[in-house]
Amino acid sequence: MSKNIDKAQIEQGNAPENADRRSFFGKSAILGAGAVAAPMTAAMFATMAKAKASEAANSPVVHPGELDEYYGFWSGGHSGEVRIMGVPSMRELMRIPVFNIDSATGWGLTDESKRIKGESAHLLAGDSHHPHMSMTDGRYNGKYVFINDKANSRVARIRCDVMKTDKIITVPNIQAVHGLRVQKVPYTKYVICNGEFEIPMNNDGKASLEDVSTYRSLFNVIDAETMEVSFQVMVDGNLDNTDADYDGKYFASTCYNSEMGMNLGEMISAERDHVVVFSLARCEAAVKAGKFKTYNGNNVPVLDGRKGSSLTRYIPVPKSPHGMNTSPNGKYFVANGKLSPTVSIIAIEKLDDLFSDKIKPRDAIVGEPELGLGPLHTAFDNKGNAYTTLFLDSQIAKWNVEDAIAAYGGKKVNYLRQKLDVHYQPGHNHTSAGETRDADGKWLISLCKFSKDRFLPVGPLRPENDQLIDISGDEMKLVHDGPTFAEPHDCMMVHRSKVKTKKLWTRDDPIFAETLAIAKKDGVDPMTQNKVIRDGNKVRVYMTSIAPNYGMSEFKVKLGNEVTVIVTNLDQVEDVTHGFCVTNHGVQMEIGPQATASITFIADKPGVQWYYCNWFCHALHMEMRGRMLVEA
Ligand code: CUK
Ligand code: CUA
């Protein structure tokens, strides 16, 4: 890395033009070059254009009343939520609060959501990055979406039948869960995710800032059903992104900072970092055989997968790789160079030989195409092409995987198909169903970190720009600019045929099962009874709601009582959601049709306090309110 360019410039892609941007990465470029074909010339592009066979012709227009073909699941970035978008219309369909609090639904406020947040219920913030759906045989199965919270080292699960978060765990022994994917084959038994920041093992206050010899980064394997950490694997370097194969055998993670540096200069001193490949069978066997340690006073098995371990292999790749993407034909892991203009193609079929030491780690690399500056993430179509975001160049490079492999083998072929300007500085990109066997080569989303001049200015803070690109023809065609808030890091697109959602809640839903158990103990049937239960200083108020009435239009409590209001929505009508909101108390929630929801607060203000329905439900919605008398 050249010394005369600062990090901020690199990150923002603002390296001065006259400073020869391309030479900043000269060293890495040479490293990655090998037998790589010459860069595209204008003449080559012209030839390509002539040979053009098919035009991109998907329609991004979804007329009023028509439905989108894909559900898009978007991370909400530092808003901490997940959003459902319709693709190709790019209409925002729903927001799913996960790590944040949300006054519309009461997420983070209701008793049910606090139970789901568990030990981290007091944390009201989050930084969500990677939403990925559970799979069966390498295809989305419509059951769950998993998402990480980098800020608070958490992983959450969203149930796709109701599109609500139903589990959140804090992963022990690590800091900052970053890359997250799912086991694709035979089904999502495990969610895999990387602990990014290296921390002392144990992190009990006895380690120092100077001696970093016990600092480690762990790979985490979480049971998708129980949402418990099955085991962790200690590695060398710090982990970034990850993905799984299509055989149910290997996981691969990029690692930057193989130097184990504690500041920027140290972190980027080595010309090569690595990809760590994990053997699932060997890891499971090691756990079974008890070959693990535990740390920090918890009982999660931690395996030693550092260099030399039989559980892992380390494949050297150029400088600070970032994204990790498996090609949908199941043949390759692609590690994206970030500080190198290349991506590294790892042949998954060679991994058996690598693990039995028949080949050397670099022998698993079958291609290292040079694509441009700042490759971060790669997506795939169903025709053997890959699409890589170039953060610094503000472009997407379309390239052919087999041609890149042939070029690496010494053939004179041009693997680059097209470079498309995007606006600006793309991070993740994703193709429709592109991380599954159903990759269909129709749409590509480029999640651009900066929008600059693309929208009306809205002050110093700008939206990001999620661009929709038609990839159905030979050339990528940009068809839509979509402003989004707070940096969606990643997204995925699921064909609508895979998702089946409920129209009404069912009364036996686990999300409110515990609330119903409390009602049972109180001897109250919340579907038929409106009742106040006094239990010392605690008061539980059970009321029904059916548009436009609450079952209880008044109740009394004493000043200082801890009040829980449990509302059951009796409406059996699609889309008739009620709310419950107490004025001046910060009490607000949603009660979906046939759901029970509860919220607990202290009655700390004497006098009459109105409560009202805050979701418009009926012509007499304004009249849907009642009084709580707080007696001094
Ligand atoms: S990371 Cu943000 S651009 Cu968290 Cu997947 Cu690559
Ligand atoms: Cu019920 Cu508005």
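Since the model is a prediction, treat every value here as computed from it, not as a measurement. Order of listing sets the numbers, starting from 1, for every ligand and every atom in it. Position 1 is the first residue of the sequence; numbering continues from there.
- Backbone or side-chain N, O or S atoms of Met624 reach atom 1 (Cu) of ligand 2 at under 2.8 Å.
- Salt-bridge formation is detected for the pair Glu590/Lys164: a Lys NZ or Arg NE/NH1/NH2 atom is positioned less than 4.0 Å from an Asp or Glu carboxylate oxygen.
- At a cut-off of 2.8 Å, His618 does not coordinate atom 2 (Cu) of ligand 2 through any N, O or S atom.
- For the pair Lys338 and Phe391, the cation-pi criterion (under 6.0 Å, within 45° of the ring axis) is not fulfilled.
- For ligand 1, the atoms closer than 4.0 angstrom to any heavy atom of Gly427 are 3 (S).
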* Evaluate salt bridge (charged side-chain N to carboxylate O under 4.0 Å, His left out) for Lys449 paired with Glu487, printing each intermediate quantity in order. => CA-CA 7 Å; Lys449 304 284 187 192; Glu487 207 179 327; 2.8 Å; yes
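- Exactly one residue among Phe219, Phe251, Tyr250, Tyr314 makes a ring-ring contact (aromatic ring centres under 6.0 Å, His included) with Phe278. That residue is Phe219.
- If you number the atoms of ligand 1 from 1 as listed, the ones under 4.0 Å from a heavy atom of His130 come out as 1 (S), 4 (Cu), 5 (Cu).
- Distances below 4.0 Å separate heavy atoms of His129 from the following atoms of ligand 1: 4 (Cu).
- Less than 4.0 angstrom separates some heavy atom of Lys449 from each of these atoms of ligand 1: 2 (Cu), 3 (S).
- At a threshold of 2.8 Å, atom 2 (Cu) of ligand 1 has a backbone or side-chain N, O or S atom of His489 nearer than that distance.
- Ion pairing between Asp236 and Arg216 fails under the 4.0 Å rule for side-chain N and carboxylate O.
- Heavy-atom contacts of His178 reach the following atoms of ligand 1: 1 (S), 4 (Cu) (cutoff under 4.0 Å).
- The closest approach of His621 to atom 2 (Cu) of ligand 2, by N/O/S atoms, is made by ND1.
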* With ring pair (Phe, Tyr, Trp, His ring centres under 6.0 Å) as the test, would you mind laying out the steps for His428 and His489 before giving the verdict? => CA-CA 6 Å; His428 272 271; His489 277 268; 7.1 Å; no
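- Both tests pass for Lys452 against the ring of Tyr424: distance under 6.0 Å to the centre and angle within 45° of the axis.
- Remark: Arg625 qualifies as a cation-pi partner of Trp610 under the 6.0 Å distance and 45° angle criteria applied to the six-membered ring.
- Counting heavy atoms under 4.0 Å from ligand 1, residue Asn241 touches it through the side chain alone.
- Atom ND1 is the N/O/S atom of His578 found closest to atom 1 (Cu) of ligand 2.
- Applying the side chain to side chain contact (heavy atoms under 4.5 Å, CB included) test between Ile591 and each of Ile566, Val567, Thr596 identifies Val567 as the sole match.
- Close approach of ligand 1 to His322 is summarised as follows: ligand atoms under 4.0 Å from at least one heavy atom of the residue are 1 (S), 3 (S), 6 (Cu).
- A cation-pi arrangement is not found for Arg157 relative to Phe146, the charged atom failing to lie both closer than 6.0 Å to the ring centre and inside a 45° cone about the ring normal.
- Here Cys617 meets the criterion, with an N, O or S atom under 2.8 Å of atom 2 (Cu) of ligand 2.
- Under 2.8 Å from atom 2 (Cu) of ligand 2 lies an N/O/S atom of Trp615, whether from backbone or side chain.
- By the 4.0 Å heavy-atom criterion, Asp490 is excluded from the residues contacting ligand 1.
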